[in-house]
Number of protein chains: 4
Amino acid sequence: MLHQYNEKQVQIIIVAERLFAEHGFNGASVRDIAHGASVNIAMISYYFGSKEKLLEAIFAYRIGTTTIQLEHLLAQKEISTLNKIYIMIDHYIEKMQNNTHFFKIMLSEQIKDQENKGLIEIIFNSKKKNFDLISALIAEGQKTGQFKKHIDISLLVSTLVGATNQMYIGQQYYKRLNQLEDMPDDKFQALFKKRMKLYLKNMFNAILTYEL
Amino acid sequence: MLHQYNEKQVQIIIVAERLFAEHGFNGASVRDIAHGASVNIAMISYYFGSKEKLLEAIFAYRIGTTTIQLEHLLAQKEISTLNKIYIMIDHYIEKMQNNTHFFKIMLSEQIKDQENKGLIEIIFNSKKKNFDLISALIAEGQKTGQFKKHIDISLLVSTLVGATNQMYIGQQYYKRLNQLEDMPDDKFQALFKKRMKLYLKNMFNAILTYEL
Amino acid sequence: MLHQYNEKQVQIIIVAERLFAEHGFNGASVRDIAHGASVNIAMISYYFGSKEKLLEAIFAYRIGTTTIQLEHLLAQKEISTLNKIYIMIDHYIEKMQNNTHFFKIMLSEQIKDQENKGLIEIIFNSKKKNFDLISALIAEGQKTGQFKKHIDISLLVSTLVGATNQMYIGQQYYKRLNQLEDMPDDKFQALFKKRMKLYLKNMFNAILTYEL
Amino acid sequence: MLHQYNEKQVQIIIVAERLFAEHGFNGASVRDIAHGASVNIAMISYYFGSKEKLLEAIFAYRIGTTTIQLEHLLAQKEISTLNKIYIMIDHYIEKMQNNTHFFKIMLSEQIKDQENKGLIEIIFNSKKKNFDLISALIAEGQKTGQFKKHIDISLLVSTLVGATNQMYIGQQYYKRLNQLEDMPDDKFQALFKKRMKLYLKNMFNAILTYEL
DNA sequence: AATGAATGAGTTTTCATTCAT
DNA sequence: TATGAATGAAAACTCATTCAT
């Protein structure tokens, strides 16, 4: 299951991830990836079999390491359910920021009509894990009466994922629409992240607790 | 401003839109588009100049016709502000469903590092319109005290757009996660749309009115 | 023999001549020519039959009008043979300067392996006329003892044509090699022409009169 | 500086040189060149980067090896200045005959409005070398009083180059104008070369020594 | 007589992959 | 194990010409 990639393979994966994110899967050429990773062109076929398999390798490399730590975090008893939601939001945003490239690829691949069956399964399993994790969390909150009944978990997850992605993708537009173009980029990033977190927490609080 | 495309040009645009959505911009070849539209390959250069320009034409074709009707709808006096929000949500979902391909392309192009400056402007202008429209709406609700203060419009729009997109994109996963695989597709679609609309309306109600 | 070209045809010929000279026959496209002449693309095939025929038309247009005036000039009795040579040189240089484009095309077409049989004949006839004209002139000079015997007329003509062409083509190199780059272009042109004429006259004088 | 081309690259260069000479740069297709050199089409991009770069490679390949031997020849002390001029003429004609294709390309590229800046420099440097070499030679002759004063070296070189090129290019016309069409081609070639050499030597003798 | 639309064959270049070593 | 060389297929685009009107 857990592939062990050697140094050069990881090098290739990192570069490929960036180029796939920046130009799309078809827009990034094996040549460019090889050049970016300072390896011979033939190495990509040699190591991964094909360009498609390289994409899968990226998923295998990134997805393996993710959910576990969150699981542990959420298992802790002394934290309130709502705080766990907040932690999850923070966690998601941080993870997205640290894996921008991968998040973009993941989104891109979901948009397309996926010819690649392998990826569909990988993505489904990842979603399933999130779904189960959050289901448990919501159930916990509902049992204590903190959260309202009848919450569509799938749509709730889509809300978190979709809203966050969209915010992140639309960062530059946010800058312009809110006249923050003069702010230096690192300052803006910090401000933006703060606002996102606050906004999403308020939103989830509202969604989960406010009954019409 | 408003390009008038002839029958064959529209034919090409429709096919290109579908193929760009299904395979990405670089994944769809001019050859395939020409074949799909039953025109000679050279016609695409002849009519649009280049593949990139064809993409821009798709945007020009789709974006021109959109916001106007919504503007009129929201201008009506006898509808309550909250209902206008609901109308907007319905409108967005319907529009998305009727323009799936275009929505996917739009999202795809936002994900990539946009080399195409023309598109960035087109997308920005579209976002600006939505932003202004919703800003006015929210302000209206705030003035009457229905909506809470301090709402980040940009993030709110991102929430609508992102959540809806993500739901729509993840439809097939939704089906599997909620054990609806046996339901015929048209029935599922109807059910899904109903749930989305309901969910989003509740969500927006909560977001806009619930003060911590 | 003498085609009569209408206004639009002449327009096309002028533009084609320039573009063929600047980019070569294959480097200049019918599209560019049509655009440059502000006519419909189809007009070129319509008027001339094909791109190749257009090239022939340029030759027909340019060659028809040339030698006659020189013939008259050289027929005059009161001018000395050597002065006639000088007149011919001046005439050739002026003609070249006023028909740069055509001269370039003519040279270009001679360089290539000529697939176009029509052109070969046209060029041959033009050469034949020059040959005959100069033969008569030289014979005249030889009869009076002014010119030396045994002059290879073909090579002599090649010398005039080739040297002048080469000088003209290499103008910019001349400028740089002789450190005249700061001189304004019109001044340089005048100087260059003056030098060419003087040089060639001296040269021909030497060639024709100096016996080892 | 001096590129080292491998066997296949040289193969391509030789074929490209011929085809560029015969049909012009734009008239010769990469496909034809590849076919002529019995290599895969992609190899041309692979080896040279592009068609234009291939043209530059031809220049690099041909120009590197030329002037050196002439320099040595002219450096010899025991040969009279005039004889050096004769040697130079013989040398130039032989070189032209052995590099017909390249000479044609060189001329072609000078005729066109050169978009290719690289080539301009290459050609200029080559001209500069010839210019310097001949300048020294002429100065030598002038010092001994053999040659007349005030000789425009640039125009003199143009005369040699232009006249010789023009003669060579107009070979077939020469044949017809001098009724030598029945002579077998190899015999004609030999005769023609002999006549050219003799003619040019006489001409240069006259030009350099005959003062009006 | 004149032309906008259309076309098939052509262009150069790049692609992901495989081969020979 | 690793790689420079090589390749066939495909890419987007342009070509000169013709068609329908």
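Residue numbers begin at 1 in each chain, while the letters A, B, ... track the order of the sequences. Below, each value reflects all heavy atoms present in this structure, side chains not excepted, and no hydrogens, waters or symmetry copies. Everything numeric here is computed off the predicted structure, so don't read it as measured data.
Nucleotide dC13(F): paired with dG10(E) (Watson-Crick or G-U wobble, both distances less than 3.5 Å). For dT3(E), the paired nucleotide is dA20(F), the pair qualifying as Watson-Crick or G-U wobble because both relevant distances are below 3.5 Å.
Projected onto DNA chain E by closest heavy-atom contact, Met43(C) and Ser45(D) fall at different nucleotides, the more 5' of which corresponds to Met43(C). Nearer to the 5' terminus of DNA chain F, by closest-nucleotide assignment, is the contact made by Val39(D) (compared with the other of Gly49(B) and Val39(D)). Nearest-nucleotide positions on DNA chain E for Ala42(D) and Ser50(A) put Ala42(D) closer to the 5' end.
Lys51(B) places a side-chain N or O within donor-acceptor distance of the main-chain N or O of Phe25(B), the cut-off being under 3.5 Å. At least one donor-acceptor pair under 3.5 Å links the side chain of Gln11(D) to the backbone N or O of Ala37(D). The backbone N or O of Ala28(A) sits nowhere less than 3.5 Å from a side-chain atom of Asp32(A) that would complete a donor-acceptor pair.
Atom-to-atom, CD of Glu52(C) to C1' of dT17(F) comes out at 13 Å; the value is rounded to the nearest Å. In this structure, the NZ atom of Lys51(D) is 15 Å from the P atom of dG10(E), given to the nearest Å. The distance from atom CD of Gln9(A) to atom C1' of dT1(F) is 12 Å, rounded to the nearest whole Å. Between Phe25(B) atom CZ and dA12(F) atom P there is a gap of 8 Å when expressed in whole angstrom units. What separates CD1 of Ile12(A) from P of dA2(F) is a distance of 11 Å, to the nearest Å. If you measure from atom OH of Tyr46(B) to atom C1' of dC15(F), you get 14 Å, rounded to the nearest angstrom. Atom-to-atom, CD1 of Ile44(B) to C1' of dA5(E) comes out at 15 Å; the value is rounded to the nearest Å. Between the C1' atom of dT11(E) and the CG atom of Leu19(D) lies a distance of 16 Å, rounded to the nearest Å.
Backbone-only engagement by Ser29(C) is indicated by non-hydrogen atom pairs under 4.0 Å involving sugar-phosphate atoms exclusively. At a threshold of 4.0 angstrom between heavy atoms, the contacts of Ala28(B) are confined to the sugar-phosphate backbone, with no base atom among them. Base engagement by Ile41(A) is indicated by at least one non-hydrogen atom pair under 4.0 Å involving a base atom.
For Asn40(C), a side-chain nitrogen or oxygen approaches OP1 or OP2 of dG4(E) to under 4.0 Å. For Arg31(D), a side-chain nitrogen or oxygen approaches OP1 or OP2 of dT11(E) to under 4.0 Å. Note on Lys8(B): a side-chain N or O is less than 4.0 Å away from OP1 or OP2 of dA6(E). Contact annotation: Tyr47(C) side-chain N/O to dA1(E) OP1/OP2 distance is not under 4.0 Å.
The aromatic rings of Phe59(B) and Phe102(B) lie perpendicular to each other, with more than 60° between the two planes, well past the 30° mark.
A salt bridge between Glu22(B) and Lys104(B) is absent, with no side-chain N of the basic residue lying under 4.0 Å from a carboxylate O of the acidic one.
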